[in-house]
There are 2 protein chains.
Amino acid sequence: MYPGDTEVTDQVGAACPIRDLLDRIGGRWSVRVIEELAGRTRRFTELERAIEGISRRMLARTLRALERDGLLARTVYPTVPATVEYALTPLALGLAALLAALADWARNHRSDVLAARERYDTEHGAPAGASTGAPESR
Amino acid sequence: MYPGDTEVTDQVGAACPIRDLLDRIGGRWSVRVIEELAGRTRRFTELERAIEGISRRMLARTLRALERDGLLARTVYPTVPATVEYALTPLALGLAALLAALADWARNHRSDVLAARERYDTEHGAPAGASTGAPESR
DNA sequence: CAGCATCCAATTCGATACTG
DNA sequence: CAGTATCGAATTGGATGCTG
């Protein structure tokens, strides 16, 4: 993913379609961007502000990767300090729906997962910073 | 993800549930493992052989991470060279279904994505090894 | 505003040797 | 069989200065 950069990796022929998809979607930000774009189009800076925590670089890279895969459309308006709008393509709509379902699952079972995790950490030796409410780190 | 190791990272309080989920599922192998376990239980070495490309280390780490989150159950049979069986938990079943849907989407739209990618690479300058059928690299 | 390039830190991953 | 421990290589991600 993330083509046209010093960090070119690509590799196209993934055996498993899901892996193939996750290589695209699995990036730290792709899903956030798709969610943000679901419903309304956005401009670069709008996304940058809305997503919080994303760097200019990663936003640009994520947008390009999604654009390259035909998941989002980029429209440039020749205004003076150029304006660029991003929008999901029809293709991406179906995917966005699936992702929404996944998000629902995650929301509905968050407590189950958290509970399981806590139990696991208790039964086995709880690792260093792996308590339930560990604060941010990076 | 992947607790209890030198490479501890964790960080629990993800703002977005989907991100939170992907941090767990987004690993290179989690989805493969879940798919492999869908339907039948498996033993460590069976998984290792079935998944192809996965290393002992990553399989062990992935299994542990999924177990910790309550997505799979590990059963040890006190035979002589110990036998261990892995199976999806009821909790994981729902997720597995969603992942299957995602896999379907990926399969059904693989050509669209590939086409979009090719078009993009043609219109813009095609990056080094980013042709359509580039062989493996990593 | 939008976005690319460069430098650098943090993580992930793979191969492999070793153990109960 | 079923892992764990260690090491080095590859990738990802963040900060930021620069340009049209």
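Keep in mind the model is a prediction, meaning the values are calculated, not measured. We name chains A, B, ... by the order of the sequence lines, and we start the count at 1 in each one.
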Answer yes or no: does a side-chain N or O of R57(A) lie under 4.0 Å from OP1 or OP2 of dT6(C)?
no
Y86(B) near the nucleic acid: base, sugar-phosphate alone, or nothing, with a heavy-atom cut-off under 4.0 Å?
sugar-phosphate
Comparing G53(A) and V80(A) on DNA chain D - which has the more 5′ nearest nucleotide
G53(A)
Is there a side-chain contact between W29(B) and L59(B), using heavy atoms and a 4.5 Å cut-off?
no
Between E85(A) (CD) and dA2(C) (C1'), how many Å, whole number?
13 Å
To the side chain of M58(B), which of dC4(C), dG14(C), dC1(C) is closest?
dG14(C)
Bend across the helix from dC1(C)-dG20(D) to dG20(C)-dC1(D), to 10°, with axes taken over 5 pairs at each end?
40°
Could you give the CD-to-P distance, from E46(B) to dC1(D), as a whole number of Å?
11 Å
For residues 37-45 of chain A, please give each side-chain donor-acceptor pair under 3.5 Å, one per line with the distance, not counting sequence neighbours.
residue, atom, partner, partner atom, Å
T41(A), OG1, E85(A), OE1, 3.2
R42(A), NH2, E36(A), OE2, 2.9

Please list, chain by chain and in numerical order, all residues satisfying side-chain contact (heavy atoms from CB on, under 4.5 Å) with T79(A), sequence neighbours excluded.
Y77(A), T83(A)
Within residues 34-44 of chain A: residues closer than 4.0 Å to DNA chain C (heavy atoms):
R43(A), F44(A)
V84(A) has a side chain; which of dG3(C), dC13(C), dG14(D) sits nearest to it?
dG3(C)
Run the side-chain contact (heavy atoms from CB on, under 4.5 Å) test against V76(B) and tell me which residues pass, sequence neighbours left out.
R74(B), V84(B)
Please report, rounded to the nearest Å, how far the P atom of dG14(C) is from the CG atom of L59(B).
11 Å
Verify side-chain contact (heavy atoms from CB on, under 4.5 Å) between R110(A) and L114(A), making sure each step is shown before the conclusion.
CA-CA 6 Å; R110(A) 195 213 267 296; L114(A) 253 30; 3.9 Å; yes
Between R68(B) and D121(A), is the side-chain contact (heavy atoms from CB on, under 4.5 Å) condition met? List the steps.
CA-CA 8 Å; R68(B) 182 163 103 109; D121(A) 290 344; 2.4 Å; yes
Let's see if you can work this out: which of dC1(C), dG14(C), dC1(D) has an atom nearest to the side-chain heavy atoms of P81(B)?
dC1(D)
Return the value, rounded to whole Å, for the distance between atom CG of L63(A) and atom C1' of dC4(C).
14 Å
Taken to the nearest whole Å, CG/L22(A) to P/dT12(D) is 14 Å
Within a radius of less than 6.0 Å around CD of E52(A), do more than 12 heavy atoms belonging to other residues, nucleotides or ligands occur?
no
Using side-chain contact (heavy atoms from CB on, under 4.5 Å), reason through L71(A) and L88(A) one step at a time and then give a plain yes or no.
CA-CA 6 Å; L71(A) 295 176; L88(A) 292 186; 5.8 Å; no
Contacts table for residues 92-106 of chain A: side-chain donor-acceptor under 3.5 angstrom, sequence neighbours left out:
residue, atom, partner, partner atom, Å
D104(A), OD1, R107(A), NH2, 3.2
W105(A), NE1, H109(A), NE2, 3.4

Which nucleotide in the set dG3(D), dG14(C), dG3(C) lies at the smallest distance from any side-chain heavy atom of R56(B)?
dG3(D)
Taking CZ from R32(B) and P from dG14(C), how many angstroms apart are they, rounded to a whole number?
11 Å
Reckon S55(B) has a side-chain N or O less than 4.0 Å from the OP1 or OP2 of dC13(C)?
no
Side-chain contact, heavy-atom cut-off 4.5 Å: V113(A) with L91(B)?
yes
With respect to the phosphate group of dA2(C), does any side-chain polar atom (N or O) of R74(A) fall under 4.0 Å of OP1 or OP2?
no
Distance check needed: dG3(D) C1' versus H124(A) NE2, whole Å only.
13 Å
Between dA5(C) (P) and R61(A) (CZ): distance, integer Å
11 Å
